[in-house]
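Report on the structure given below.
In each ligand, atom 1 is the first atom listed, and ligand 1 is the first ligand listed. Please read these numbers as outputs of a predicted model, since none were measured by experiment.
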Amino acid sequence: MATSVRNPVWNRDELTLALDLYVKTVGNPTGADFALVDQLSNTLNKMHRLSGVTGAETLRNRNGVYLKVMNFRRFDPAYLNQGKVGMQRGNRLEAVLWAEYDGKARDLAIDAEAITRAVNGADEAKVAKLPPAEPYEGEEGGVIIRLHKRYERDPKLVREKRKAAIEAGSLACEVCGFDFEAAYGKLGSGYIEVHHTRPVHTLKKGAKTKLGDLAVLCANCHRMAHRTPLPLSIDALKQIVLSKEEL
Ligand SMILES: [Zn+2]
Ligand SMILES: [Zn+2]
């Protein structure tokens, strides 16, 4: 008996791309637009492979992608004003994204481009060798951030950055000055987290990460850096910590 594999629910990044395609095809992909549907299908399949997600053979195929794109009709006044009713089934996130990007087609296009670049620019063989990054709270489905965090856990980079920091005199957090060895003694010796200060999707394909693009942060500052949709800069974090102290 064949076992049925369920396909994962559409995540935020995927729906962002679907909504972008909906807007770009003015809510009605026809003819040549199917090349775009196929492109999106390929991108989404790669996104899932990068995340180690498997699904049925139908996973994000042309038909599934088309239906998902058309699902946005149920929010579209241009469609509803014709007295038509869109498909009523869909996930809550679709409504959230529609509201978020309503009247902001440019923001949508920029975000969609960033996601597409992060996925298409990722080297699957290389990513497969990186340690997995556990998702932080509220981060479900953020492929850019997940990739970003996997890149920054690359053991070779971490080793090199730690070495450079020690040679420069200190393994203390660049934002708050926390020093694991000072706080935990031998247990904390040599421990620090490495953070990419440049979001992964801004890097050119195949570009090597420079040590100067990396910062050493304590676990708390690192989490705070990732609390915003795009990682905060070290200066921005320092500012926050400083102004807090002056209160
Ligand atoms: Zn810190
Ligand atoms: Zn980071």
Side-chain angles (χ1 to χ4, degrees), residues 11-13 16 47 50-52 110-111 114-115 117-119 121-123 126-247:
N11 67 42
R12 188 187 171 93
D13 288 338
T16 303
M47 181 190 286
L50 286 168
S51 305
I110 290 170
D111 291 351
I115 295 165
R117 264 204 300 183
V119 173
D123 179 335
K126 194 179 164 210
V127 170
K129 286 189 214 132
L130 298 175
E134 81 280 21
Y136 290 167
E137 193 186 343
E139 229 181 53
E140 207 51 52
V143 72
I144 292 183
I145 297 303
R146 259 210 314 268
L147 268 176
H148 176 90
K149 290 210 305 223
R150 287 186 79 175
Y151 282 122
E152 65 188 13
R153 293 185 68 182
D154 183 341
K156 188 165 165 270
L157 272 185
V158 171
R159 236 183 356 253
E160 283 175 12
K161 181 63 186 177
R162 279 187 185 148
K163 199 169 150 245
I166 291 167
E167 277 164 11
S170 160
L171 258 195
C173 172
E174 287 181 33
V175 170
C176 72
F178 187 87
D179 182 317
F180 282 88
E181 189 171 7
Y184 297 99
K186 212 175 157 211
L187 179 64
S189 172
Y191 187 81
I192 197 72
E193 296 190 4
V194 169
H195 173 62
H196 266 257
T197 56
R198 291 175 66 195
V200 105
H201 64 276
T202 64
L203 301 174
K204 287 206 184 77
K205 192 174 179 177
K208 283 198 83 179
T209 305
K210 294 194 230 70
L211 286 185
D213 293 336
L214 301 171
V216 292
L217 296 183
C218 73
N220 281 343
C221 289
H222 198 185
R223 285 210 167 207
M224 291 304 113
H226 284 290
R227 260 205 124 191
T228 45
L230 285 179
L232 286 168
S233 73
I234 301 308
D235 282 343
L237 268 174
K238 273 188 194 160
Q239 277 298 318
I240 290 166
V241 173
L242 281 174
S243 58
K244 186 77 186 40
E245 278 175 358
E246 281 160 13
L247 286 176

*Between E152 and H195, is any side-chain donor less than 3.5 angstrom from a side-chain acceptor?*
yes
*Can you tell me if an N/O/S atom from E193 lies under 2.8 Å from the Zn ion (ligand 2)?*
no
*What heavy-atom pair brings C173 and I192 nearest, and what distance separates the two atoms?*
N-CD1, 4.0 Å
*asked:* Check whether R162 reaches the backbone of L171 with its side chain - one donor and one acceptor, N or O, closer than 3.5 Å.
replied: no
*Applying salt bridge (Lys or Arg N to Asp or Glu O under 4.0 Å), name anything that partners E160, two or more places apart in sequence or on another chain.*
K156
_Sequence neighbours excluded, every pair satisfying ring pair (Phe, Tyr, Trp, His ring centres under 6.0 Å) that has a member inside residues 152-181_ = F178-F180, F180-Y191
*So, does K161 use its side chain to make a donor-acceptor pair with the main chain of V194 at under 3.5 Å?*
no
*Please identify each residue that fulfils side chain to side chain contact (heavy atoms under 4.5 Å, CB included) with A236, with sequence neighbours left out.*
L232, S233
*So how many protein N, O or S atoms does the Zn ion (ligand 1) have within less than 2.8 Å?*
4
*asked:* Among the N, O or S atoms of E152, which one sits nearest to the Zn ion (ligand 2)?
replied: OE2
*Would you mind naming the N, O or S atom of H195 nearest to the Zn ion (ligand 2)?*
ND1
